[in-house]
Chemist: 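My questions will all concern the structure given below.
All ligand and atom numbering here is 1-based and tracks the order in the structure. Only this structure's heavy atoms are used, side chains among them; waters, hydrogens and symmetry mates stay out. By convention here, the first residue in the shown sequence is residue 1.
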Amino acid sequence: MAVRVEGVVQGVGFRPFVHGLAGRLGLTGFVGNDSAGVFCEVEGDAAAVERFVTAVRAEAPPLAVIEEVTVTPRPARRDRGFAIVASEAGPEPATLVTADTATCAACLGELFDPSDRRYRYPFVNCTHCGPRFTIVADVPYDRANTTMAGFAMCALCRAEYDDPEDRRFHAQPVCCPACGPRLRLIGGPGGDPVAATAGLLSEGAVVAVKGLGGYHLAALAGDAAAVAALRARKHREDKPFALMVTDVAAAARLCRLAAADVELLQSRRRPVVVAPRRPAAAVAVAPAVAPGNRWLGVMLPYTPLHHLLMRAVGAPIVLTSGNVSDEPIAFTDDDARARLGGIADGFLTHDRAIHIRTDDSVVRSFRGRPLPLRRSRGYAPEPLRLADAVGRPVLGCGAELKSTFCLAKGRHAFVSHHIGDLENFETLRSYTEGIEHFRRLFGIDPQLVVHDMHPEYLSTKYALELRGVDLLAVQHHHAHVASCLADHGERGPVVGVAFDGLGFGPDGTIWGGEVLVADLTGYRRAAHLPVVAMPGGTAAIREPWRMAAAWLDAAFDGEPPGDLAVARRQGRRWEQARTLARSGVASPLTSSAGRLFDAVAAIAAGRDRVNYEGQAAVELEQLADPCERGAYDMEGLDGAELIRAVVADVLRGVPAAVVAARFHRGLAAGTVAAVAAVAGDAGLDTAALSGGVFQNAVFLEAVTAGLEAEGLRVLVPTRVPPNDAGISLGQVAVGGAR
Ligand code: ZN
Ligand code: ZN
Ligand code: FE
């Protein structure tokens, strides 16, 4: 019987696994690698062959991702035993590079076993765990092409590496205290670097810690002064910090965890999991960790170094990206010393280089499934499987904020790690170098390049400068909906709801509150939020009070009530903004849902300026009283009606928490009604939700529940974020379908 296995099955210990399995079942035959995956032939007792085929899928090694198992009858060969045969060289790169993976149970056992030769060795790893994507410089995936190249294996490690029966067979980063990287603490006392770092942290220091994809900054989470110092030195005013805790029990003391949260926390991907905080968390977590936030982002240790450190510290620590403000995370040693020198009191570092900067992934669970907020370390570069193969290789260039790119060939879409906001030179360089890196790693030479319609996005400019490729511009919100479809392996048509900050519309206005009838090949704009001015253009993004001025002007026909606090706070600037909005000068028109949230945050909650993207909407969500059952009326997507209701309550002195809740519930009900109407007209039974606004848990839950009550099936992103990080996948899906 010939059995062929496709997916991520190379470099993950698949052949030794098959070898062991066949041995246990008493089967003869062989197994090998070729360009399409793993091939094998097995012979023996019919029931045993059947068990083999089931087990190949069910018991595969942890890092394997099995996409397809095909079984074809073959004439008997009468082999004597079972052999691992030489790889058949193909035209394609032989091995898919897998994602970085949290330390496995077997390696953890060694790490804390005093009799093991890797006892307390911070770089222990094996075929089933350890660094991958972040240390690979080139293909083929061999040690010589990783940042482990400079470390020659000792005889003991070499023996493990060469033994098909060993857990470290062909594990490229294999090493030990005798031959591998070493840890050291710069700027602290001598002795054991881990113990000394724990000492520094307990004294209130900020320590830079070299992780898998870059440097983190660490501080004791319960130490208010240390957390405040970290915020001040990092120039990060309000954005929440992520925490690392020792184990699931420690996480459960801080947050209410759903079963899906526990699964995500403990998964080999080890993302930051955002979950509702418990009141008791105040003991171990200073308020400055996540100011005014009902949620906390927590993660478990994912490298041996983190395990050692967390055992030594024994309390939650802040573990946030090693950068200043919005810069990319530092990942080279020199750069880290230069940029973090003024922030960190010490550096816990080592001599294994990081080749690719990769941030922590961030996920929240929604109705038992993951809702990614940032897809990066632990996920990238694992391919996503498309519903249909792309005819020719495609590159999706993504958008501008939270940017990613996506390369696709056949049915594989490789969505990049989180690159960041393409507004500084350093990030743009990561973006262009990242595309080249992925092209080499996966052997994809794109012939079709898909980009956003926004002419000023640096990703658009990058696409337009390419030569010898076909170009395709895809509308931003169509890409959002297509991303959600591709996420679920579907083609549509659906009623797509794309609510976000801003995206370029083909009519010259800026879209962002869109209901589209869409499939992968095209879309029709079926409904949208009213169009209002953004007085001052991008200034209106940084200053939500400007959106309040524009929305009030629109909702009250130029005569808003005179005694609103939001207007009083701005004094003369208020009138200037209104004049600007009416004149149309430097005031682009937008139907953005994000900007509507901004306006309400300014009117009801006094949020006039933001320190990070989306802050006003995030705070409005956090403010919303979960017990409030009222909702403002909204006929379809008439945002003006909503604004008038907000104003009436604010003038009556209704608490901001109640106004925020009624606004969320009203906008959700209006959206549901609009979508249901469009679905009825178009004869569709499925809605797809996408866009950054759906990161809002309160709004997402209300819209999903409402649509389901209308009898609609609801698609919510589960593999790529609903925000602009998902755009590149949507572009590729549209490009492939056209
Ligand atoms: Zn391991
Ligand atoms: Zn060694
Ligand atoms: Fe967007």
Side-chain angles (χ1 to χ4, degrees), residues 12-13 61-63 98 100-113 116-118 121 123-132 143 148 151-162 166-182 268 302-304 307 398-404 421 452-454 457 459 474-484 496-505 510-514 516 541 590-595 613-614 617 689-695 717 720-731:
V12 296
L63 295 198
T98 53
D100 300 276
T101 299
T103 311
C104 73
C107 286
L108 261 188
E110 294 170 349
L111 183 66
F112 292 112
D113 175 1
D116 194 276
R117 71 189 186 92
R118 292 188 177 89
Y121 182 57
F123 304 96
V124 52
N125 68 79
C126 72
T127 309
H128 308 311
C129 75
R132 294 289 188 280
R143 190 177 179 101
M148 286 297 292
F151 300 95
M153 275 183 246
C154 68
L156 287 174
C157 286
R158 166 60 68 182
E160 294 170 330
Y161 180 90
D162 286 336
D166 194 277
R167 202 174 89 244
R168 296 193 165 91
F169 177 60
H170 284 191
Q172 304 303 343
V174 68
C175 59
C176 75
C179 67
R182 279 161 205 269
R268 62 181 173 84
Y302 54 87
T303 67
H307 281 283
E400 175 98 335
L401 298 177
K402 300 183 165 66
S403 88
T404 63
D421 301 348
D452 199 272
M453 282 181 169
H454 200 307
Y457 280 179
S459 59
V474 170
Q475 200 279 326
H476 187 89
H477 302 93
H478 181 214
H480 268 307
V481 175
S483 172
C484 185
V497 188
F499 280 12
D500 67 356
L502 303 168
F504 205 79
I510 297 170
W511 293 13
E514 312 306 313
L516 311 176
I541 300 174
T590 185
S591 53
S592 163
R595 299 288 87 81
E613 194 226 342
L689 310 183
S690 187
V693 169
F694 287 105
Q695 296 172 107
V720 294
N723 61 45
D724 282 5
I727 290 287
S728 63
L729 176 66
Q731 291 171 337

Chemist: Do the side chains of V497 and F694 get nearer than 4.5 Å, heavy atoms only?
Modeler: yes

Chemist: Is the count of non-hydrogen atoms from other residues, nucleotides or ligands lying under 6.0 Å from R182 atom CZ greater than 12?
Modeler: no

Chemist: Using 30° and 60° as the class limits, which term best fits the ring planes of H480 and H476: parallel, tilted or perpendicular?
Modeler: perpendicular

Chemist: Is F169 close to E160 at the side-chain level, that is, under 4.5 Å between some pair of heavy atoms?
Modeler: no

Chemist: Can a donor-acceptor pair be found, under 3.5 Å and without considering hydrogens, that links the side chain of S690 to the backbone of A498?
Modeler: no

Chemist: Going by chain and residue number, what protein N/O/S atoms come nearer than 2.8 Å to the Fe ion (ligand 3)?
Modeler: H476 NE2, H480 NE2, D500 OD2, D724 OD1

Chemist: Classify the ring geometry between H307 and F112 as parallel (under 30°), tilted (30 to 60°) or perpendicular (over 60°).
Modeler: perpendicular

Chemist: Leaving waters out, which protein N, O or S atoms fall under 2.8 Å from the Zn ion (ligand 1)?
Modeler: C104 SG, C107 SG, C126 SG, C129 SG

Chemist: Heavy atoms, side chains only, cut-off 4.5 Å: are C104 and R268 in contact?
Modeler: no

Chemist: Is any N, O or S atom of C154 under 2.8 Å away from the Zn ion (ligand 2)?
Modeler: yes

Chemist: Between the main-chain N or O of A399 and the side-chain N or O of S459, is there a donor-acceptor pair closer than 3.5 Å?
Modeler: yes

Chemist: How wide is the angle at the Zn ion (ligand 2) spanned by C176 SG and C179 SG, rounded to 10 degrees?
Modeler: 110°

Chemist: Is there a side-chain contact between H454 and L502 (heavy atoms, below 4.5 Å)?
Modeler: no

Chemist: Counting N and O atoms only, with roles assigned by atom type, does the side chain of S592 sit under 3.5 Å from a partner on the main chain of D500, one being a donor and the other an acceptor?
Modeler: yes

